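Reading through the structure tokens given below for one structure.
For ligands, and for the atoms within them, numbers begin at 1 and follow the listed sequence. The structure displayed is predicted, hence computed values, not measured ones.
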Amino acid sequence: MERLFTSVIIPAAGQGRRMNASINKQYLTLSGKPILAHTLDVFERCPLINEIILVVNKEEFRICQQQVLKLYHYKKVHLVEGGDTRQESVYQGLKAVNPRADIVMTHDGARPIIQESVIIESIYETMKHQATVVGVPAKNTIKVINVDGFVEHTPDRDYLVEIQTPQTFAFKLLREAHESARKEGIEGTDDAFLVERLGHPVKIVTGHYTNIKITTPEDLIIAESIIKRFDKNDKRGKKN
Ligand code: CTP
Ligand code: MG
């Protein structure tokens, strides 16, 4: 079988408003290097990833070059200008994907603790199902409420999954999903939603609770301690 060509789009063009820092959260230091460098490292190292489309704000091209790209010498990275929403940033990324790509995954720049095994499983499952998202079983009880703040109903937790990234698709399917959403003015909070709209089934790949999205200041403390624990286990020769 001919080898698959897989691209990853990494949207990193947000404002990081909830982090309340003076710079975009992707450039904050986590365990000695920028958050974004942690994220890129994993995909650069993964042999199943052929190219990385990194989506960045125009005003941040310089900081990205100087603080991340130049220092860590990535070979797979192509830099693309982002848009006003995550969806628009991913769409800009899609336009830069190599036309020979079979599979495209999206992964938030702000999720630095992604394990290679999850990336690999996502690609294998996508070969079977064309659309997969990484998620973990919901730990909390989730309630659906109405506009007045009263509970409408409580879904069975056994069927609730908290969705993360990567989200992985057949290239053609993701492109069609984004183009259709754009045409109809639909804004979704993740890529899978746009694929679900087309009526295509999306399979869950079970991930890890450690794959957090760095969103608010306390997430940095949590991420720092997860990385420390991982490093300790590595030194003891253990797998996480
Ligand atoms: N993102 C992007 N382009 C946008 C908005 C978001 O590429 N216009 C990226 C972010 O940089 C981040 C990922 O999408 O890596 C997930 O978004 P989120 O965690 O919400 O990041 P921000 O939008 O930057 O943060 P906030 O919502 O707190 O402003
Ligand atoms: Mg946001």
Side-chain angles (χ1 to χ4, degrees), residues 7-30 33-44 49 51-65 67-69 72 74 77-97 104-115 118-119 122 133-136 162-169 174-175 177-178 181-182 185-195 207 209-224 226:
S7 302
V8 58
I9 298 172
I10 300 191
Q15 304 283 324
R17 288 209 181 84
R18 286 169 287 176
M19 183 55 75
N20 250 326
S22 55
I23 52 168
N24 181 346
K25 61 185 180 179
Q26 329 264 338
Y27 304 102
L28 295 173
T29 302
L30 175 64
K33 64 182 172 190
I35 289 174
L36 186 56
H38 284 273
T39 310
L40 291 171
D41 281 354
V42 184
F43 290 94
E44 177 79 20
I49 298 294
E51 65 173 2
I52 300 171
I53 310 292
L54 176 60
V55 190
V56 170
N57 279 318
K58 184 84 182 163
E59 311 79 66
E60 288 174 352
F61 267 39
R62 251 170 74 106
I63 177 176
C64 184
Q65 292 277 11
Q67 297 191 12
V68 182
L69 301 181
Y72 301 96
Y74 299 107
V77 173
H78 304 268
L79 207 52
V80 165
E81 190 182 334
D84 287 343
T85 61
R86 184 188 180 281
Q87 186 171 315
E88 180 61 25
S89 292
V90 170
Y91 183 74
Q92 293 308 319
L94 271 172
K95 292 201 293 193
V97 165
V104 174
M105 54 172 51
T106 59
H107 182 73
D108 296 326
R111 286 190 196 269
I113 316 179
I114 175 63
Q115 288 173 247
V118 173
I119 297 171
S122 295
V133 295
V134 172
V136 288
E162 252 189 72
I163 296 306
Q164 307 173 343
T165 65
Q167 303 200 345
T168 311
F169 310 91
L174 186 61
R175 206 170 39 192
H178 270 264
R182 261 173 95 78
I186 304 284
E187 182 80 38
T189 53
D190 72 348
D191 299 290
F193 175 72
L194 308 183
V195 169
Y209 289 108
T210 48
N211 180 24
I212 60 170
K213 182 159 68 64
I214 310 285
T215 308
T216 53
E218 54 277 4
D219 292 329
L220 279 170
I221 302 167
I222 298 166
E224 198 83 49
I226 294 169

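Where the criterion is an N or O separation shorter than 3.5 Å, residue side chain and backbone included, Gln15 meets it with respect to ligand 1. Some N or O of Gly83 is nearer than 3.5 Å to an N or O of ligand 1, by distance alone. At under 3.5 Å, a nitrogen or oxygen of Ala12, whether backbone or side chain, sits near a nitrogen or oxygen of ligand 1.
Here the heavy atom of the protein found nearest to atom 22 (P) of ligand 1 is Gly16 N, 3.6 Å. Scanning the protein for heavy atoms near atom 19 (O) of ligand 1, the closest one is Lys213 NZ, 2.7 Å. Of the protein's non-hydrogen atoms, the one nearest atom 16 (C) of ligand 1 is Asp108 OD1, 3.6 Å. At the top of the distance list for atom 15 (O) of ligand 1, counting protein heavy atoms only, stands Pro11 O, 2.9 Å. Of the protein's heavy atoms, Gly14 N, 3.4 Å lies nearest to atom 1 (N) of ligand 1. At the top of the distance list for atom 7 (O) of ligand 1, counting protein heavy atoms only, stands Ala13 N, 2.8 Å. In terms of protein heavy-atom proximity, atom 29 (O) of ligand 1 is closest to Arg17 N, 2.7 Å. The protein heavy-atom contact nearest to atom 14 (O) of ligand 1 is Arg86 CG, 3.5 Å.
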Glu218 and Thr216: CA distance, side-chain angles, deciding distance, side chain to side chain donor-acceptor pair (under 3.5 Å) verdict: CA-CA 6 Å; Glu218 54 277 4; Thr216 53; 2.9 Å; yes
Working for side chain to side chain donor-acceptor pair (under 3.5 Å), residues Thr106 and Gln167: CA-CA 5 Å; Thr106 59; Gln167 303 200 345; 4.7 Å; no
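Using a 4.5 Å heavy-atom threshold, the side chains of Val134 and Met105 count as separate. Residues Pro34 and Leu28 are not in side-chain contact: their nearest non-hydrogen atoms beyond the backbone lie 4.5 Å or more apart. Side-chain contact check for Leu79 versus Gln65: some heavy-atom pair is nearer than 4.5 Å. Side-chain contact between Asp108 and Gln164: absent, with no pair of heavy atoms (C-beta onward) separated by less than 4.5 Å.
Within the listing of ligand 1, atoms 15 (O) sit less than 4.0 angstrom from a heavy atom of Ala110. The distance from ligand 1 to the heavy atoms of Gln26 drops below 4.0 Å at these ligand atoms: 10 (C), 11 (O), 12 (C), 15 (O). Atoms of ligand 1 found under 4.0 Å from any heavy atom of Ser89 (numbered from 1 in listed order, with element): 2 (C), 3 (N), 4 (C), 7 (O), 8 (N).
By the definition of a contact as any protein heavy atom under 4.0 Å away, atom 26 (P) of ligand 1 is in contact.
Residue contact annotation: Gly82 has no non-hydrogen atom under 4.0 Å from ligand 1. Ligand 1 has Thr85 within reach: a non-hydrogen atom of the residue lies less than 4.0 Å from it.
Only side-chain heavy atoms of Lys25 come within less than 4.0 Å of ligand 1; its backbone N, CA, C and O stay farther off. Under 4.0 angstrom from ligand 1, the non-hydrogen atoms of Asp84 all belong to its backbone. Heavy atoms of Glu88 found under 4.0 angstrom from ligand 1: none, in either backbone or side chain.
Cation-pi contact between Lys95 and Tyr91: absent, since separation from the ring centre below 6.0 Å together with deviation from the ring axis within 45° is not met.
With values rounded to the nearest 0.5 angstrom, Phe61 atom CZ is found 8.5 Å from Leu54 atom CG. Put simply, OG1 on Thr39 and CD1 on Ile113 are 9.0 Å apart, with the number rounded to the nearest 0.5 Å.
The closest donor-acceptor contact from the side chain of Lys25 to the backbone of Ile214 lies under 3.5 Å. In this structure, the side chain of Tyr74 engages the main chain of Ala37 through a donor-acceptor pair within 3.5 Å. A donor-acceptor pair under 3.5 Å is formed between the side chain of Asn24 and the backbone N or O of Gly14.
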